[in-house]
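Predicted, not measured: the structure shown is a model, and the values here were computed from it.
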Amino acid sequence: MKHTRTVGVIAAVATVGMLAGCAGNSGTSGDDADTLKIAAFEGGYGSEMYEEVVAAYEKLNPDVKIELTTSKTLADELTPQVAAGDYPDLVVLGLGAKEGFTESFVRDSNLEDLTSVLDAKIPGEDVTVGDKLTPGIVGNLNTNPYGDDEVYLMPMYASPTGLVYNQKLFADNGWTVPTTWDEMFELGDEAKAEGISLFTYPTAGYLDSYFFSLLSAVGGPEFLNDVLTYKKDVWKSDDATEALELTTKLLSYAAPTTVGYANGQDFTKNQQTILDGTTLFMPNGSWIANEMKDAPRTDGFQWGLTPVPAPEADGTRYLTTFVESAWVPKEATNKDAAKDFIAYLYSDEAADMFAKANAIQPVQGLPERLTGEAKDFYAVYSEPGVEAVVGAFAATKPVPGVDLKATLFDAANSVLSGTTTLEDWQNQVNEASNKLTDQLAG
């Protein structure tokens, strides 16, 4: 999901140059002073790409020893280590994870300033990181979390997110992918008559990219900026009310198994309903193709991606770009070595290794070289009336008992189940947001 604005929350990059990913578990060991310790989240892209990049970097730098750790539960594993004073030198884990691990480092001002990396020459190449990055990929709250000119979170790869679906199923039924909410609900009624649900989500947390796109479509980028920076009573506004009303109606069309499977153990069962042809749409990103590559599917299945619908015909539709982050703890032992490794991550050599897993680095020219499923996902950026957006809630000082993301996203389970009303949901979200209004970090 990206963009431009030096201090803005969102930056909109009309080019197709951004993408996303995650990681695995391996490495060599050594004394902390001599070993670069890298910890990377293993998500939909797998771990092999990290292992290949580390091996290539060690070949280029034979005096450097790297200890690589990758895990699907990285935050849970790192938390006790950090509490004991054992910090990795480099972490690859973006904002937005349920555990809030990266957010905790932002909130506590415990990140190393990485602005200098933009001027660093990429190892093995005659170009700087800043010159090679997609314009606008830095300069938003995802990379500059304190709203100033300092970069603390380097964009690793960026992935378009939206509503994924099966192109073959639509073609077989003569259905057109909806671009407005009226068309979406009309399709929902048609599909229901065929025994097909309109919507599901892996877990409620996947509604983050959905909401960032919806809020932009309903009220524009400035309204999204107000939401992400906790403007007083922003969730009582007409735009917010419309967004919550549309979402509540969409949830009424959700697959009946959604809530039961919307957890860390069973979420792939919700994803499987898209492959089985029993559900039409699901919020997700380009990594879904690799994550579900071995899952059974209907004949001729073909992944498709579309932005969240617009309220009106010919309205702008927004494609949220999920950006993974690479960052260095302030307490890390080998900060300079970590910065050099970060610069290498944007090399042609590393980018090609990541691209094999469909994890596309935000470097200029790379999206144009994509083929297959990855090309289809990133081509959506070029569709008429589609704009990219990056969403990230502004960092705040700790506020006991307040978890806005859980209040906004996780409540979808109870709304869908009928135990929380639209009015209650709106009041709870607005109350949580207001408690953060005067608590911005920085």
Can you see which heavy atom on [X] is nearest to which on [Y], and at what distance?
X	Y	result
Leu36	Asn334	CD1-O, 4.1 Å
Thr316	Ala217	O-CB, 3.9 Å
Tyr378	Ser286	OH-OG, 3.3 Å
Pro88	Ala39	CB-CB, 4.2 Å
Ala395	Val106	CB-CG1, 3.2 Å
Asn290	Gly46	ND2-N, 4.2 Å

Can you tell me how far apart [atom1] ([X]) and [atom2] ([Y]) are? Round to the nearest 0.5 Å.
X	Y	atom1	atom2	result
Gln428	Leu408	CD	CG	11.0 Å
Trp235	Gln426	CH2	CD	9.0 Å
Asn166	Trp303	CG	CH2	8.5 Å
Lys269	Thr258	NZ	OG1	13.5 Å
Phe170	Tyr165	CZ	OH	7.0 Å
Glu324	Trp287	CD	CH2	9.0 Å

Assess, by modelled atom type and distance only, whether the side chains of [X] and [Y] contain a donor and an acceptor separated by less than 3.5 Å.
X	Y	result
Ser209	Thr320	no
Asn434	Asp233	yes
Glu194	Asn173	no
Asp131	Thr128	yes
Thr115	Asp113	yes
Ser71	Glu77	yes
Asn427	Lys236	yes

Determine whether [X] and [Y] make a side-chain contact, defined as any pair of heavy atoms from C-beta on separated by less than 4.5 Å.
X	Y	answer
Phe223	Leu215	yes
Tyr152	Ser109	no
Leu319	Thr161	no

> For Asp276, what residues pass the salt bridge (Lys or Arg N to Asp or Glu O under 4.0 Å) criterion, not counting sequence neighbours?
Replying inline: none

> Partners of Glu383 by salt bridge (Lys or Arg N to Asp or Glu O under 4.0 Å), sequence neighbours excluded?
Replying inline: Arg317

Under the 3.5 angstrom rule, does the side chain of [X] hit a backbone N or O of [Y] as a donor-acceptor pair?
X	Y	result
Asp108	Asn110	no
Gln361	Met156	yes
Ser252	Lys249	yes
Ser213	Tyr210	no
Thr79	Asp76	no
Thr279	Ser197	no
Asn270	Tyr201	yes

side-chain hydrogen bond (donor to acceptor under 3.5 Å, both in side chains) with [X]: which residues, sequence neighbours excluded?
X	value
Lys293	none
Glu190	Trp175
Ser116	none
Glu183	Thr179

> Do Phe105 and Trp327 have ring centroids that are under 6.0 Å from one another?
Replying inline: yes

>> Aromatic contact between Tyr253 and Phe185, with the criterion being ring centroids under 6.0 Å apart: yes or no?
In response: yes

>> Run Lys330 and Glu112 through salt bridge (charged side-chain N to carboxylate O under 4.0 Å, His left out) and show every step you take.
In response: CA-CA 5 Å; Lys330 186 176 289 185; Glu112 177 73 4; over 6 Å; no

Please check if atom [atom1] in [X] has more than 12 non-hydrogen atoms from other residues, nucleotides or ligands closer than 6.0 Å.
X	atom1	value
Phe393	CZ	yes
Lys335	NZ	yes
Asp189	CG	yes
Glu312	CD	no

> Could you walk me through whether Asp86 and Lys37 pass the salt bridge (charged side-chain N to carboxylate O under 4.0 Å, His left out) check?
Replying inline: CA-CA 10 Å; Asp86 182 11; Lys37 297 164 63 176; 2.6 Å; yes

> When you look at Glu431 and Lys435, which way does the salt bridge (charged side-chain N to carboxylate O under 4.0 Å, His left out) test go after all the steps?
Replying inline: CA-CA 6 Å; Glu431 181 181 359; Lys435 289 181 179 179; 3.6 Å; yes

> Is there a side-chain contact (heavy atoms from CB on, under 4.5 Å) between Gln271 and Met292 once you walk through the steps?
Replying inline: CA-CA 8 Å; Gln271 296 180 166; Met292 301 295 286; 3.2 Å; yes

>> Using side-chain contact (heavy atoms from CB on, under 4.5 Å), reason through Tyr230 and Leu440 one step at a time and then give a plain yes or no.
In response: CA-CA 9 Å; Tyr230 320 110; Leu440 295 181; 3.6 Å; yes

> Where do Thr203 and Asn263 land on the side-chain contact (heavy atoms from CB on, under 4.5 Å) test, with the steps shown first?
Replying inline: CA-CA 6 Å; Thr203 67; Asn263 57 70; 5.6 Å; no

>> Pair Thr247, Leu214 - check side-chain contact (heavy atoms from CB on, under 4.5 Å), show working.
In response: CA-CA 9 Å; Thr247 303; Leu214 176 61; 3.4 Å; yes

>> Which residue in the set Val117, Asp89, Leu90 passes side-chain contact (heavy atoms from CB on, under 4.5 Å) when paired with Lys339?
In response: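 Between Lys339 and the candidates, side-chain contact (heavy atoms from CB on, under 4.5 Å) is satisfied uniquely by Val117.
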
> Applying the side-chain contact (heavy atoms from CB on, under 4.5 Å) test to Phe199, which of Leu280, Leu416, Leu163 qualifies?
Replying inline: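 Only one option passes, and that is Leu163.
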
